[in-house]
Amino acid sequence: MERYEPLKIEQKWQKKWEETEAFKATEVKGQPKVMLAEMFPYPSGAGLHVGHVRNFTIVDVLTRFFRQQGLNVMRPFGYDTFGLPAENYAIKTGTAPQEVTAVNITNFRKQAKKLGYAIDWSREINTSDPEYYRWTQWCFLQLFKKGLAYQKESYQWWCPEDQTVLANEQVENGKCWRCGHEVEKKKMKQWFFKITEYADELLDEIDNLEWPEKIKTMQKNWIGKSVGAEIDFEVEGGAPKIKVFTTRPDTILGATFLVLAPEYVGLEYIVSEDCKDAVAKYKAAALKKSEIERQENKEKTGVFTGAYAINPATKEKIPIYVADYVLAGYGTGAIMAVPAYDERDREFAEKLDLPIVEAELIDRDAYGTPKVTYRMRDWLISRQRYWGCPIPIAYDKDGNPHAISEDQLPVMLPEVKDYKPDKSGRSALAKAKDWLTVEIPVKDPKTGEVHMKKMTRETDTLDGYACSSWYLWRYASPRDDKAAWDEKAISYWEPLDYYCGGDHAVAHLLYIRFWCKFFADEGYLPFREPIKRLLYNGYINAPDGKKMSKSKGNVIDPLDVINDGYGADTLRTYEMFIGPYDMDAAWDTRSVGGVYRFLNRCYNLCFGNTSKVDKNVVVRNKTIKKVTEDIHRYSFNTAVAALMEYVNELYKNGASKEDLMVLAKLLKPFAPHLASEMLEKLDSDDEWPKWDEKYLVADTVELVVQVNGKLRAKFEIEVDDLEDEEKLTEMVLADERVKKYTEKGVKKTIFVKKNKLINIVV
RNA sequence: GCCCGAGUGGCGGAAUUGGUAUACGCGUUCGACUUAAAAUCGAAUGGAAACUUCCAUAUGGGUUCAAGUCCCAUCUCGGGCACCA
């Protein structure tokens with residue numbers, strides 16, 4: 001008999017699938033469809049890691065399961081390639097990010113193919129491909145046209161040494177991650193998407209999603225809806241009045257002072273002459289404070305502005321303070337402080353010795369207008385970075401932004417030699433002198449005539465999350481050069497039925513919902529939620545239970561597992577068996593061997609002698625049912641366990657051809673290469689087997705007898721006897737094994753037919 | 001600080017609707033095959049006791065005929081948010 005040689009088998013089938021384009025998906029009218037995808041990976045130089053394998057295999061198990069059930073299945077693949085790691089590599093080595101990305105994609109594709117995924121490779125997409133980002137720019141323009149992409153002055157992290165804006169994650173302990181210089185906040189004009197416009201709908205529709213509760217809660221908290229009121233406070237001396245937001249307008253009688261954020265717009269008109277220096281000093285210090293400092297030191301600080309406001313309810317004169325515990329970006333950037341009812345206000349009042357008044361509550365609507373506020377801010381999308389999608393905007397002489405016309409797309413990312421941002425505060429795109437100037441058609445508002453006008457291009461690029469906010473729709477028609485997505489194709493395939501990933505619980509998953517609603521409003525999408533079901537998988541940690549990391553040297557390379565001789569089928573099946581898919585798990589090298597032994601047993605059963613007698617009808621039908629239902633509820637680990645039990649049973653009793661066909665079919669989603677080899681030997685198709693309930697109903701069952709809830713005896717009884725409670729109880733009570741517990745007398749008996757159980761209470 | 005999730009043998013885990021706790025796998029032990037080892041096959045495996053019981057699902061209470069599962073409190077670990085008025 002031949003030995004199980006996974007690498008040989010896997011190579012054979014992978015070649016076959018590649019040559020026949022086995023997983024190519026086409027629209028078939030009337031055939032029910034399923035579309036599945038993982039969160040597309042960033043193809044790093046390190047290649048596939050075990051976390052990718054878990055993520056991709058979950059999608060693959062479902063993909064193959066649905067295929068075997070005769071559904072029309074699409075499972076595409078793509079690469080999220082724009083971003084900092086490639087740019088950093090470029091800065092360090094002088095290699096173009098385009099080149100690095102191409103190499104990494106080739107490697108990733110090769111590795112993914114080694115795992116035998118049922119991917120439609122003709123639908124591969126890559127966000128840094130001009131044929132892709134052309135349509136990212138088109139999406140941007142639609143938002144721009146509707147005023148949902150706009151520019152605004154706001155405070156950003158700024159490194160005075162490198163002369164560049166930094167993202168939050170590029171600020172480490174208040175210092176620039178590159179040069180170590182202390183960062184500060186600087187007011188700058190940036191691009192935003194107006195996601196807040198959809199805050200209500202984004203919140204309301206969360207409840208209807210088949211998503212994990214954890215993610216839904218996180219999104220709700222992120223949006224953070226607060227119902228309250230806005231109240232105007234007159235300022236003494238004629239300065240503009242101050243509008244505050246509060247969720248407790250009923251506490252206004254206890255408002256003993258106002259607090260403004262350091263960045264409060266119009267602060268200069270409020271501060272009195274003699275307080276100017278102190279306030280300016282405080283503001284400068286607050287803007288310099290790093291995020292970490294603000295988080296770690298919540299000690300209240302603040303200064304008096306020298307100005308007073310009038311409490312509209314008490315008509316009393318109350319002082320106005322500036323303090324950094326009030327945030328500029330939330331509400332109006334100003335609050336009425338009610339130290340008797342608010343812990344933070346009390347802390348501040350105690351520190352600065354301000355009055356605390358235990359006033360009574362009044363009608364909520366007495367002095368304010370009802371107002372709903374959200375924690376969620378508009379989405380800042382401009383980056384002063386090279387390796388991203390260019391923003392399709394140009395500026396006229398007066399600095400007004402104009403859309404690049406759609407027929408001029410894509411705005412190609414220009415090739416430059418030096419990727420590092422310079423002291424201009426602009427990305428490396430500004431160094432592409434020839435690229436900077438552009439002529440775009442502009443309509444004269446008076447005559448209606450169109451003239452080509454010379455303009456200067458925007459040099460910022462888009463946040464990578466913009467690229468991934470529509471890619472699922474590109475999968476429907478990935479080579480379309482007429483539109484971002486084809487109307488017919490998308491209404492057939494989408495919304496996506498299954499989406500699997502282990503990251504981006506809020507950002508990406510909220511942004512893509514936002515774009516979906518916008519494009520539905522614009523008539524481009526026939527649905528308002530892009531993802532029906534979300535599977536949020538757990539991490540795989542190192543054998544020591546810690547996160548895998550290069551520096552700790554505890555990284556398991558999936559390709560090593562394959563090449564050590566275990567093969568992809570073992571790797572895939574092991575990662576499904578490792579535990580519940582949505583929980584973190586620790587890698588256990590010895591358990592990999594256990595899964596290999598299991599697959600080896602499957603092989604030996606199939607390629608050994610078959611039994612002529614069909615002895616396993618009951619366990620076979622049971623297993624079909626169990627595996628089918630377990631996959632439906634994403635309980636992949638118990639599905640594999642059921643297959644192991646089945647194989648153990650077949651080893652004991654001998655396996656018939658029917659037994660083996662069922663085994664191979666049920667095994668195929670997990671170990672497709674081995675299963676294909678088995679099915680070929682058995683001369684069988686891979687149609688998902690059905691179970692027959694009649695084999696699951698036995699003639700006799702086991703009746704469990706408890707006394708006071710403790711198991712005391714088991715009886716083998718006829719199924720029909722379950723109908724006659726009286727007879728059963730009589731029989732049980734007469735039995736010696738039960739009698740010795742019931743001498744004190746039986747109070748009552750409880751019969752649970754469903755569980756074939758009698759509990760005797762004594 | 002607030003909001004989620006988890007805690008079950010030596011280890012990863014199972015128990016789907018309150019109903020036989022510990023499926024399946026790893027590890028360990030014994031046996032078969034072998035000159036021997038590996039591989040493979042078979043058996044045992046929660047703890048104490050000893051032929052019949054008792055105790056065990058983080059800890060302490062509670063509800064119930066019956067609790068890993070429900071309720072209350074506490075502890076530990078993981079994740080998210082973090083002065084959002």
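Note on naming: letters A, B, ... go to the chains in the order of the sequence lines (proteins, then strands), and numbering restarts at 1 for each one.
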| field | Under 4.0 Å protein heavy-atom contacts per nucleotide of nucleotides 3-8 of chain B, with B for base, S for backbone only and - for none | value | SS-S--

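Taking every side-chain heavy atom of A:Arg712 into account, B:U53 is the closest of B:C81, B:U53, B:C83. In this structure, the nucleotide among B:C65, B:G13, B:G80 sitting nearest to the side chain of A:Pro580 is B:G13. Which of B:A85, B:U53, B:G25 sits closest to the side chain of A:Met644 comes down to B:G25.
Under the side chain to side chain contact (heavy atoms under 4.5 Å, CB included) criterion, A:Glu629 pairs with A:Lys625, A:Trp691, sequence neighbours left out. For A:Asp560, the side chain to side chain contact (heavy atoms under 4.5 Å, CB included) partners are A:Asp557, not counting sequence neighbours. Shown here are the salt bridge (Lys or Arg N to Asp or Glu O under 4.0 Å) partners of A:Arg597, two or more places apart in sequence or in another chain: there are none. Under the ring-ring contact (aromatic ring centres under 6.0 Å, His included) criterion, A:Tyr374 pairs with no residue, sequence neighbours left out. Residues meeting the ring-ring contact (aromatic ring centres under 6.0 Å, His included) test with A:Phe348, sequence neighbours left out: A:Phe257, A:Tyr321, A:Tyr325. Qualifying ring-ring contact (aromatic ring centres under 6.0 Å, His included) partners for A:Tyr198, counting only residues two or more places apart in sequence or in other chains: A:Phe514. Every ring-ring contact (aromatic ring centres under 6.0 Å, His included) that A:Tyr4 has, sequence neighbours left out, goes to A:Tyr596, A:Tyr603. When the salt bridge (Lys or Arg N to Asp or Glu O under 4.0 Å) test is applied to A:Arg620, the partners found at least two apart in sequence or on another chain are A:Asp614, A:Asp659.
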For nucleotides 38-45 of chain B, which of its nitrogen or oxygen atoms have a protein nitrogen or oxygen under 3.5 Å away, and what is each distance?
| unit_1 | atom_1 | unit_2 | atom_2 | d |
| --- | --- | --- | --- | --- |
| B:C41 | OP1 | A:Arg601 | NH1 | 2.8 |

Write down the protein N/O and nucleotide N/O pairs, taken from nucleotides 15-21 of chain B, whose separation is under 3.5 Å; answer none if there are no such pairs.
| unit_1 | atom_1 | unit_2 | atom_2 | d |
| --- | --- | --- | --- | --- |
| B:A15 | OP1 | A:Arg633 | NH2 | 3.4 |
| B:U16 | O4 | A:Lys626 | NZ | 2.7 |
| B:G19 | O2' | A:Asn755 | ND2 | 2.9 |
| B:G19 | N2 | A:Gln706 | OE1 | 3.4 |
| B:G19 | N2 | A:Asn759 | ND2 | 3.4 |
| B:U20 | O2 | A:Lys714 | NZ | 2.9 |

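Remark: A:Asp207 engages A:Lys220 in a salt bridge, criterion side-chain N to carboxylate O under 4.0 Å.
Using a 4.0 Å heavy-atom distance criterion, A:Leu643 is classed as making no nucleic acid contact. Using a 4.0 Å heavy-atom cutoff across all strands shown, A:Thr749 reaches no nucleic acid atom at all. Backbone-only engagement by A:Gly594 is indicated by non-hydrogen atom pairs under 4.0 Å involving sugar-phosphate atoms exclusively. A:Arg375 comes within 4.0 angstrom of a nucleotide base, judged by non-hydrogen atoms across all strands. Backbone-only engagement by A:Tyr741 is indicated by non-hydrogen atom pairs under 4.0 Å involving sugar-phosphate atoms exclusively.
Taking atom P in both B:G62 and B:A67, the straight-line distance is 13 Å, to the nearest Å. B:U8 and B:G60 have their P atoms separated by 15 Å, given to the nearest Å. Comparing the P positions of B:U63 and B:U45 gives a spacing of 37 Å, expressed to the nearest Å. Using C1' as the reference atom, B:C55 and B:C72 are 25 Å apart when rounded to the nearest Å.
The distance from atom OH of A:Tyr330 to atom C1' of B:A82 is 14 Å, rounded to the nearest whole Å. Taking atom CD1 of A:Ile252 as the reference point, atom C1' of B:A85 lies 13 Å away to the nearest angstrom. B:U53 atom C1' lies 17 Å from atom CZ of A:Arg737, rounded to whole Å. B:C11 atom C1' lies 17 Å from atom CG of A:Asp584, rounded to whole Å. For the pair A:Lys747 NZ and B:U64 C1', the computed distance is 14 Å after rounding to whole Å.
A close approach under 4.0 Å does not occur between any side-chain nitrogen or oxygen of A:Asn637 and OP1 or OP2 of B:G25. The side chain of A:Lys622 places no N or O atom within less than 4.0 Å of a non-bridging phosphate oxygen (OP1 or OP2) of B:A23.
In terms of position on RNA chain B, the residue among A:Lys740 and A:Asn708 whose nearest nucleotide sits closer to the 5' end is A:Lys740. When the nearest nucleotides of RNA chain B are assigned to A:Gly331 and A:Ala642 by heavy-atom distance, the more 5′-ward of the two goes with A:Ala642.
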| said: Let me check I have this right: for RNA chain B, each base becomes ., (, ), [, ] or |, based on Watson-Crick or G-U pairs with both distances under 3.5 Å. What is the full string? | reply: (((((((..(((......[....)))((((((.......))))))(((....)))..(((((..]....))))))))))))....

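Not less than 6.0 angstrom separates the ring centroid of A:Tyr511 from the ring centroid of A:His504.
Side-chain contact annotation: A:Asn221 with A:Arg375, donor-acceptor N/O pair under 3.5 Å absent.
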